[in-house]
Amino acid sequence: SLKEHSPESWWRMGDDDDAGGTTIRDLGVVSTTELVSNGEFAANITGWTDESTGTGSIAWNAAGYMELIGIGLSHRGRASAGFSTIVGGAYTLTVTIANLANGGTYLGNTAGGTTITNNATSGNGTHSYSFVALATTTYVTFVEAGTGTAQIDNVSVKQDNLVLNGGFDSDTIWTKG
């Protein structure tokens, strides 16, 4: 049986006199399952759709990243990928961006869509963005809207908080015995 052991919200499984009872604390588990296909770009950009406008484009660089080639606002380099999500599920997107002139990262229910955000990242560097899925398929879109060649690498999306109330902040979900 689960017994609340302290006001710090941790629980012990076993009888009161069971010194070897198992202590449970902070079960907010993050999935190790990668939801984005080919986010490392080790050999190609397979799985990514070219959503570029005008003469903008995307390309694979042999150094192991995806390039977004933009030639201004009318010629944007844009790449999208969809992945399966659970409506209401919490997720984290992580990406490394370099040489971005003027662009961003969109998350939405369609390729290029912004129903979740049109500003998941800002500028160059490694970014993480937490979001809640609104549909069973979510899309990430990277955009270079300036004149330049942005580099996209290490794209990852993983589900967060696989256990509801894993921090034991309330006892409304868990049954105490």
Side-chain angles (χ1 to χ4, degrees), residues 26 28-164 166-167:
D26 297 330
V29 179
V30 175
S31 174
T32 58
T33 301
E34 182 55 59
L35 300 176
V36 173
S37 296
N38 195 21
E40 297 292 322
F41 309 109
N44 55 46
I45 56 174
T46 300
W48 291 83
T49 302
D50 187 348
E51 303 282 343
S52 298
T53 61
T55 57
S57 62
I58 67 172
W60 175 71
N61 187 294
Y65 56 84
M66 179 172 60
E67 295 179 334
L68 307 175
I69 300 117
I71 310 167
L73 291 176
S74 297
H75 304 278
R76 298 174 183 208
R78 292 172 34 144
S80 294
F83 49 94
S84 295
T85 50
I86 298 168
V87 175
Y91 298 85
T92 298
L93 162 72
T94 305
V95 60
T96 301
I97 300 174
N99 297 333
L100 185 67
N102 178 27
T105 304
Y106 306 159
L107 286 164
N109 299 342
T110 59
T114 60
T115 50
I116 297 172
T117 186
N118 66 351
N119 195 26
T121 63
S122 177
N124 297 309
T126 298
H127 306 276
S128 291
Y129 183 82
S130 296
F131 65 96
V132 174
L134 302 175
T136 57
T137 301
T138 299
Y139 293 83
V140 60
T141 303
F142 298 105
V143 180
E144 173 57 89
T147 299
T149 301
Q151 301 169 358
I152 307 297
D153 201 5
N154 304 314
V155 181
S156 172
V157 175
K158 294 184 179 174
Q159 187 174 7
D160 299 331
N161 300 320
L162 296 176
V163 177
L164 294 176

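We number each residue from 1, following the sequence as shown. Every heavy atom of this structure was used, including side-chain atoms; hydrogens, water molecules and symmetry mates were not.
Between Val95 and Ile152, the shortest heavy-atom contact is CG2-CG2, 3.9 Å. For the pair Gly54 and His75, the tightest heavy-atom approach, listed with the atom from each and the gap, is CA-ND1, 3.4 Å. Heavy atoms only, all atoms of each residue included: Ser130 and Thr92 are closest at OG-OG1, 3.4 Å.
In summary, the aromatic rings of Tyr65 and Phe41 are positioned with their centroids too far apart to meet the 6.0 Å limit.
Put simply, CG on Asp50 and CD1 on Ile58 are 4.0 Å apart, with the number rounded to the nearest 0.5 Å. Once rounded to the nearest 0.5 Å, the distance linking OG1 of Thr149 with CD1 of Ile71 reads 8.5 Å. How far OG of Ser122 is from NE2 of His127: 7.0 Å, rounded to the nearest 0.5 Å. For the atom pair CG of Asn124 and CD of Gln151, the computed distance is 9.0 Å after rounding to the nearest 0.5 Å. For the atom pair OG1 of Thr115 and CG of Leu134, the computed distance is 5.5 Å after rounding to the nearest 0.5 Å. In this structure, the separation between CZ on Arg78 and OG1 on Thr53 is 7.0 Å, given to the nearest 0.5 Å.
Between Val157 and Thr138 the shortest side-chain heavy-atom distance does not fall below 4.5 Å. When side chains are defined from C-beta on, Asn154 counts as touching Glu40, because their heavy atoms get closer than 4.5 Å. For the pair Trp48/Val140, a side-chain contact is recorded, criterion being any heavy-atom separation below 4.5 Å from C-beta on. The shortest distance between side-chain heavy atoms of Glu144 and Asn102 falls below 4.5 Å. Here the side chains of Val155 and Leu93 are in contact, with some heavy-atom distance below 4.5 Å. A 4.5 Å side-chain heavy-atom check between Tyr91 and Thr85 finds at least one atom pair inside the cut-off. Inter-residue side-chain proximity for Phe142 and Leu100 is flagged as unmet; no heavy-atom pair is nearer than 4.5 Å.
In this structure, Tyr139 contributes its side chain and Tyr106 its backbone to no donor-acceptor pair below 3.5 Å. In this structure, the side chain of Thr141 engages the main chain of Gly112 through a donor-acceptor pair within 3.5 Å.
At a cut-off of 3.5 Å, with distance as the only test, no side-chain donor of Thr46 or Asn38 sits close to an acceptor on the other residue. A side-chain donor from one of Glu34 and Ser156 sits under 3.5 Å from a side-chain acceptor of the other.
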